[in-house]
Amino acid sequence: VKVKIPFGNKYLDAIFSVPEKKSTYGVILTHGAGGDMNFPHLLSLATYLASHGVLCLRFTCKGLNVAYRTKAFKTVVEYLKLSDDYKLSGVFLAGRSMGSRAAASLIRQLSWNDDDDFIQGLICLSYPLHRPKLQSKLRDEDLLFITCPVLFVSGSADEMCEKQLLEGVARKMKAPKKIHWIDKANHGMAVKGRTTDDVMEEINVEVFSWLRENVELGHK
């Protein structure tokens with residue numbers, strides 16, 4: 001289902017992947033600095049989640065400024081929260097690369113209003129922890145303030161997220177977190193000798209099982 005979400009004097013293009021049965025939880029998903037909501041990885045994940053009963057709303061926001069992308073993400077969250085068509089108990093924010101930075105930044109902002117438990121967790125696909133070859137400057141400030149569950153799915157050969165550095169940041173985080181390493185994958189999740197579909201299947205299964213664990217935990 002295609003929708004246009006009002007954002008300032010513009011609109012954000014978005015698409016709902018709707019499961020057959022009514023879903024109580026949803027995932028809001030956005031792309032990295034390049035590409036848009038139809039980036040193959042996002043499309044694959046959205047389709048997989050919907051076929052497993054999770055509503056997925058993915059959106060495009062072209063903008064290379066993290067504050068701007070964060071504002072757009074907030075607009076989409078509010079849109080879904082007020083939606084009459086999909087009454088959800090909560091959502092997980094998910095993004096690829098720069099999109100995951102925007103999601104983390106938004107969750108940190110929203111955590112200042114402690115009364116809001118609509119946001120259930122954060123999914124970071126290829127989180128860009130640092131610029132290539134610039135490991136001294138870590139983009140970890142938002143991660144250290146987040147308290148909801150976080151899943152990182154990163155390539156062990158990601159040139160923007162060195163393995164030991166992410167593991168070090170994870171140790172300092174207050175939030176319950178999990179890191180799933182895709183062996184030998186780069187920032188774009190490409191792995192020599194494996195097809196894109198094969199890698200996507202691994203990512204999709206991991207994201208879904210983590211979601212299920214966290215939704216179930218929330219209901220005990």
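Note: hydrogens, waters and symmetry copies are ignored here, and every other heavy atom, side chains too, is used. This chain uses plain numbering: 1 for the first residue, then up along the sequence.
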Task: Sequence-distant partners of E162, salt bridge (charged side-chain N to carboxylate O under 4.0 Å, His left out), two or more places apart - done: none
Open item on the list: Applying a strict under-4.5 Å side-chain criterion to I, L, V, M, F, W and Y, I'd like to know whether L106 and L88 cluster together.
Closed with: yes
Task: Remaining members of hydrophobic cluster (4.5 Å side-chain criterion), M160 - done: none
Open item on the list: Around atom CD of E141, are there more than 12 heavy atoms from other residues, nucleotides or ligands closer than 6.0 Å?
Closed with: yes
TODO: Show the numbers, then the answer: is there a side chain to side chain contact (heavy atoms under 4.5 Å, CB included) between R139 and R131?
DONE: CA-CA 9 Å; R139 298 159 169 163; R131 291 171 188 268; 3.4 Å; yes
- [ ] Please confirm whether F59 and Y79 have ring centers closer than 6.0 angstrom.
- [x] no
- [ ] Please work out whether the ring planes of F92 and W210 are parallel, tilted or perpendicular, with thresholds of 30° and 60°.
- [x] perpendicular
Open item on the list: Tell me every residue that passes ring pair (Phe, Tyr, Trp, His ring centres under 6.0 Å) with H41, counting only those two or more places apart in sequence or in another chain.
Closed with: F39
Open item on the list: Please check if the number of heavy atoms outside K87 that lie under 6.0 Å from its NZ is greater than 12.
Closed with: yes
Open item on the list: Can you confirm whether K2 is buried at NZ, in the sense that more than 12 heavy atoms of other residues, nucleotides or ligands lie under 6.0 Å from that atom?
Closed with: no
Output side-chain donor-acceptor pairs under 3.5 Å for residues 175-193, partner residues at least two apart or in another chain, one line each.
residue, atom, partner, partner atom, Å
K177, NZ, A170, O, 2.9
K177, NZ, M173, O, 3.4
K178, NZ, E206, OE2, 2.7
H180, ND1, E206, OE1, 3.2
H180, NE2, E202, OE2, 2.8
W181, NE1, E167, OE2, 3.1
N186, OD1, G188, N, 2.9
N186, OD1, M189, N, 3.1
N186, OD1, A190, N, 2.9
H187, ND1, D158, OD1, 3.0
H187, ND1, D158, OD2, 2.9
H187, NE2, S97, OG, 2.8

TODO: May I ask you to list the residues sharing a hydrophobic cluster with I15, side-chain cutoff 4.5 Å, ordered by chain and number?
DONE: M37
Open item on the list: So, using side chain to side chain contact (heavy atoms under 4.5 Å, CB included) as the criterion, who are the partners of K172 when residues are at least two apart?
Closed with: D140, L144
